[in-house]
Structures are given as structure tokens and as C-alpha cells.
Amino acid sequence: MTQVVEQNANDMATPVPAQVVPHWIGGARVAGTSGRTGPVYDPATGRLAREVAFASVEEVDAAVAAARASFPAWRATSLSKRTDIMFRIRNLVEAHKEEVAAFLTAEHGKVPFDALGEVARGIENLEFACGVPNLLKGGFSEQVSGGIDVYQIRQPLGVVAGITPFNFPAMVPMWMFANALACGNTFILKPSEKDPSASVYVAELLREAGVPNGVFNVIQGDKVAVDRILEHPDIAAISFVGSTPVARHVYETGTRHHKRVQALAGAKNHMVVLPDADIDMAADAAVSAGYGSSGERCMAIATVVVVGDVADPLVEAIKERIPKVNVGPGTDPGAEMGPLITREHRDRVASYNDNGAAAGATVAVDGRDHALYKESDGFFIGPSLIDHVTTEMDVYRDEIFGPTLTVIRVETYEEAVRLVNDNPWGNGTAIFTRDGGAARQFQFDAHAGMVGINVPIPVPVSYYSFGGWKASLFGDLHMYGPEGIQFYTRAKVVTARWPDPGTSKVDLGFPRTR
Ligand code: NAD
């Protein structure tokens, strides 16, 4: 039995996080009944802030049943009505962006301007989905044969699920549910258990916007919930964003259960700097993209590949900038870089500095020297810079997912491209140069889903899709934008003929004539 919790259900203006973050099923908060919960920390203080319910198989089934029951009516809701609701969602999220961002700062730790940036990029996806009447237009071919027309329509899949990572607790769900709902599907969100509160607040905004009960549901939890989603016979498709091992598991298990799956995975993004690059611009970009959001972005720059004799000046320019990065909690208005998500993750990130040094790299700046690493109970570490890295070192091979920039020095453009292309991941990459021909060649050569030219975080806008290559993506379609519409719909081709007296006859043959 599920128990509805009334706490804070209608209070949009002053959200108070629950002590145990609940599920959201059938348009209401529902307390967990499994007896299992997980801890949710305030990363800036290191304190346990609250718990989150971990769903049982039965609780997942209850959410899927609610989504399944609401699908026929939602699917039959007119396009203009669904569009109207998408506009309302967009306006409500915009009106309450500060509240959504506050949840991100409280549980993820990202500083307020970064949290607001995340919400803004999520809103772009809601805006894209407001164009759904245009996006769902099919094609029509008149008179393909005598009196026969053929046309294609795209229809929703049914109940679809989204499983999301800790690093974008508001934006990544919006990558998924905006298009999924606009196309007429009903949705189950399984957010990260590390920062779950924003998901319930956004669910309340959706209800306020007029999304019918059961169309959007949130199931909190861990592997138990994910594995039930992967096997549930009533779920038609799964969108996943997270680490590569889990993405592989989600893709392999979901497709084995005959589901459509797109699983966006880990990354190790290279920024290639050619000798003619503007060094100040490249250094600014490396620092911004390496340390922004404490390096906990899938499009963060992890490795700077410097070509030729600009390595020393570039490393110096990065070193000069690092002490000016203001590390601090989101409550400090000047803070630019917050804590990491957990103590365990912070300690793992820190361990790469000794690991790199032992392997022969030079730790040019050690984030463990930062006062907050030494003195705070929060999960802080300062920016690290590790120079003279080579491809066989763990600091290069592993996804560190923290504020650690590594530098590899090479002699030629060809060597730099080989490095980018030989790396198992291919989420994004960037080149810094003043040479248009070299940049164009890099765009042609690079094995990555997103390429930046003098732009370190080449994140597309919502009307292009987002996704990597190689071990950064399992599945065929990228997320959001036009490929998102394709993912959340299936094609139906209709061949139609209307009675025309005197033209009908029995014909057992397969049409031969044109
Ligand atoms: P994660 O893989 O640990 O978790 C992602 C989701 O999977 C969460 O909801 C989690 O509860 C669930 N999960 C975790 N372990 C599981 C297991 N063993 N079985 C089933 N489900 C499990 O990822 P994370 O640490 O939350 O996020 C960081 C990772 O996400 C990084 O690797 C980062 O590169 C990646 N990421 C990729 C993109 C992209 O677009 N490619 C975007 C954001 C983050």
C-alpha cells in the first residue's frame, strides 16, 4: 500500500525539503514503504541533511501502473492542449527557478549562478517541446498509385522512463521528460539518490501546470528501482544518463527486455591547443571548463593536449589563474566553485594526485593545499593541475570527475588527433587555434559527438541534440532536440484509398505496375 504525504504539496513559493524525500506517484507525494532509505548530504557542510526513500519492486510497479492508466487519455489529449500545458510548465519553472536552483545548491553543492545556469538550460528544453505540433508533423504523398495516398504519422510509445545522474538533477530530467510528455508518453523519473529533492518539487510544478495525475511520476531509489525499470514489461523505452559501467548495464538489460534504450555515459574530454592559439583565451577556457562545477560535468575538460612549444606558457597561464578561483559554499556570494558530491568521491579525486606523481607526472598545483580541503567538514578540494601526463597513467585513463586538469604535451597536430581518437570515450572535444583550416580539419577528423572550436564546453542548444560517440553513448539516438522527438515516437505509415464505384475488383497479385 502506498501512503500519500500532504507535506508541502501546494506551497510552491517556500519549498521545505522533506525529512525523507518521497516518491511522486499518481500526482501526489507518496512515502516510501520499503524500509530502505539512503543518506542525502549537504556537501558544503558535510552534514547529513535528510534521507531519501529507496523504492521496492512493488513501489516501482505502482508508479508504472499509474503511468500506464493515464496513458490513453494523455495520448488522446489534443496537441494544442498538450502544447498549452508545456507552455505552463515552462512558465512555472521560469517563475520558480530560484527555488529549483536552491535545491541544487543544497544537495549537489554547485554555487547559485551555476545552479541557475543549469535550470536555464533545462528551460530551453521545455521551450523546444512547446513546438511539438510542428515537430510531430508527418509527410503525405498523394496518388502513389491510382487513388491511393500514403502518409506517415509519429505516435507515442507509452510509458517511458528516465534514469538520471547526480551532476544535473534538474536539467537532465528536463532533457528527457519535456519531449517525452509533449509527444504523448507518460513518464517515470528515477533521479539520482544523492540529490533527489528537486525532482519532487518539479513534479509539483508539473501538477500545478495541469499535467494530469499519473502522467509524470518520480520513483526514488537505487539499483533495485533501476533494475525493475529495466525489466518491467509495461515500460517501452528508457533514457539514461550516468557513468559508463551503469550505462552499459542499462543498455544491455533494457534492450534484452525489448525496450528502446538511449544511454549517455562517461567522458574524458580533450582540449587541443595549437601553437598559434591565443594563450590567454585558451588558459581562461581550460580553467573555466576544467574547474567549473568542480569538474563534475560530463562536458568538463579533463585533458589539455598542448602542441609544440606553447606548453610552458600555457601551463604558466593556467597556474596563474588557479589561485583566483574562489572555492566556497553556495552561501558565499563570491564562490565560483563548490564542494564535490560526497566525501568518498572527494577522497577518490584527491588520490589521483599521488597516483599521478607516483607514475611520473608533475603535480603543478595540488588541490589538497587549499584551506577548505584541510579545515572544512564540507567535501571541498581546490583545483589541481597535473603536467607531463602520458596515456598509460591512471590520471589519463580514468574518468576522475573532479577539479583535476591533466596536461599532455605532444609535437604535432596528428599526434593530438590520434590521442583524441584513440581514447575510448568520445563525448566532446575542443580545439584552440587561430587557423580556420586547422579547425575545419579537426571538425572533420575528431571522433566525438560534440566539437568546440575555441569553445571549451561545446554543449549544443536545445534544437540540436546532445550525445557522444564510442563509450560515451550506448544506443543510436542522441538526447533532446530532434533526435529526442524521434526517440519518444514511433513511425506509422498509412496507405489509404477511398471507395470509388466501379474501380474495385478481386486481385490476388502483389502490385507490379507503376
Ligand atoms: P551513476 O552511473 O553512478 O548513476 C546514474 C544513475 O544510475 C543514478 O540514478 C543511480 O541511482 C543509478 N545507478 C548507479 N549505480 C547503479 C547500478 N549499479 N545499477 C543500476 N543503477 C545504478 O552516475 P553518477 O555518478 O550519478 O553521474 C556521473 C556520471 O554521469 C559521470 O560518469 C558522467 O560523465 C556521467 N554523465 C554523462 C553525461 C552525458 O551526457 N554523457 C551527462 C551527465 C553525466
Side-chain angles (χ1 to χ4, degrees), residues 243-244 247-248 264-279 281-283 285-286 289-290 295 297-315 317-318 352 355-356 359-362 364 385-401 404-460 467-474 478:
S243 62
T244 293
R248 181 179 285 114
L264 274 60
K268 191 85 183 180
N269 303 311
H270 297 65
M271 166 174 158
V272 174
V273 182
L274 297 189
D276 70 342
D278 179 321
I279 293 302
M281 183 186 188
R297 291 182 183 136
C298 67
M299 292 300 283
I301 291 298
T303 302
V304 181
V305 185
V306 204
V307 179
D309 56 11
V310 284
D312 284 341
L314 180 65
V315 168
I318 294 173
Y352 278 98
N355 184 309
T362 309
L385 179 65
I386 309 185
D387 196 2
H388 299 288
V389 168
T390 58
T391 53
E392 58 290 340
M393 294 178 185
D394 291 343
V395 285
Y396 176 72
R397 294 160 68 96
D398 297 352
E399 184 185 29
I400 299 175
F401 217 56
T404 305
L405 263 182
T406 56
V407 178
I408 296 194
R409 297 164 178 240
V410 298
E411 290 305 315
T412 63
Y413 166 84
E414 288 73 22
E415 248 185 287
V417 170
R418 206 173 317 124
L419 244 153
V420 171
N421 291 352
D422 285 352
N423 191 277
W425 283 295
N427 214 33
T429 184
I431 188 162
F432 280 71
T433 178
R434 289 186 167 97
D435 180 341
R440 187 171 180 281
Q441 189 62 41
F442 186 74
Q443 158 195 317
F444 185 82
D445 290 336
H447 293 185
M450 293 165 282
V451 173
I453 295 174
N454 296 313
V455 173
I457 306 189
V459 180
W469 288 13
K470 302 189 280 184
S472 295
L473 174 76
F474 297 83
H478 284 183

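When a residue number appears, it is its place in the shown sequence, counting from 1.
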Ignoring hydrogens and angles, state whether a donor on the side chain of Asp435 or Tyr413 is under 3.5 Å from an acceptor on the partner side chain.
-> no
From Thr429 atom OG1 to Ile301 atom CD1, the distance as rounded to the nearest 0.5 Å | 6.5 Å
Do Asp278 and Phe432 touch side chain to side chain, with heavy atoms closer than 4.5 Å?
-> no
State whether the side chain of Ser472 and the backbone N or O of Gly426 hold a donor-acceptor pair below 3.5 Å, judged by distance alone.
-> yes
To the nearest 0.5 Å, how far apart are CZ in Arg397 and CG in Asn423?
-> 9.5 Å
Answer yes or no: are there more than 12 heavy-atom neighbours, outside Glu392 itself, under 6.0 Å from its atom CD?
-> yes
From Gln441 CD over to Thr433 OG1, what is the distance, rounded to the nearest 0.5 angstrom?
-> 12.0 Å
Straight-line distance of Lys470 NZ to Asp422 CG, nearest 0.5 Å | 7.5 Å
Going from CG on Leu274 to CZ on Arg434, what distance comes out if it is rounded to the nearest 0.5 angstrom?
-> 11.5 Å
Measure the acute angle between the ring planes of Trp469 and His447, then classify it against the limits of 30° and 60° as parallel, tilted or perpendicular.
-> tilted
Is Val459 close to Met450 at the side-chain level, that is, under 4.5 Å between some pair of heavy atoms?
-> no
Any Asn269 side-chain heavy atom under 4.5 Å of Trp425 side chain = no
Donor-acceptor contact below 3.5 Å, side chain Glu399 vs main chain Lys268 | no
Quick check: does any side chain N or O of Thr244 sit under 3.5 Å from a backbone N or O of Gly266, one acting as donor and the other as acceptor?
-> yes
Does the side chain to side chain contact (heavy atoms under 4.5 Å, CB included) test come out yes or no for Val389 and Thr303, once each step is laid out?
-> CA-CA 9 Å; Val389 168; Thr303 302; over 6 Å; no
With a 4.5 Å limit on heavy-atom distance, are the side chains of Thr404 and Val395 in contact?
-> no
What one should report as the nearest heavy-atom pair of Ala286 and Val304 is CB-CG2, 4.2 Å
Tyr352 side chain reached by Met393 side chain, heavy atoms, under 4.5 Å | no
Closest approach of Val305 and Ala416, non-hydrogen atoms and distance?
-> CG1-CB, 3.9 Å
Would you find a donor on one side and an acceptor on the other, under 3.5 Å apart, between the side chain of His478 and the backbone of Gly468?
-> yes
Identify the residue among Asp309, Asp387, Thr390 that makes a side chain to side chain donor-acceptor pair (under 3.5 Å) with Arg409.
-> Asp387
Where do Ala265 and Ala471 come nearest, in terms of heavy atoms and distance?
-> CB-O, 3.3 Å
Can you see which heavy atom on Leu264 is nearest to which on Ala247, and at what distance?
-> O-CB, 4.3 Å
Closest approach of Ala289 to Pro456 (non-hydrogen atoms, all atoms of both residues) | CB-CB, 3.6 Å
Give the minimum heavy-atom separation between Cys298 and Asn427, together with the two atoms involved.
-> O-ND2, 3.3 Å
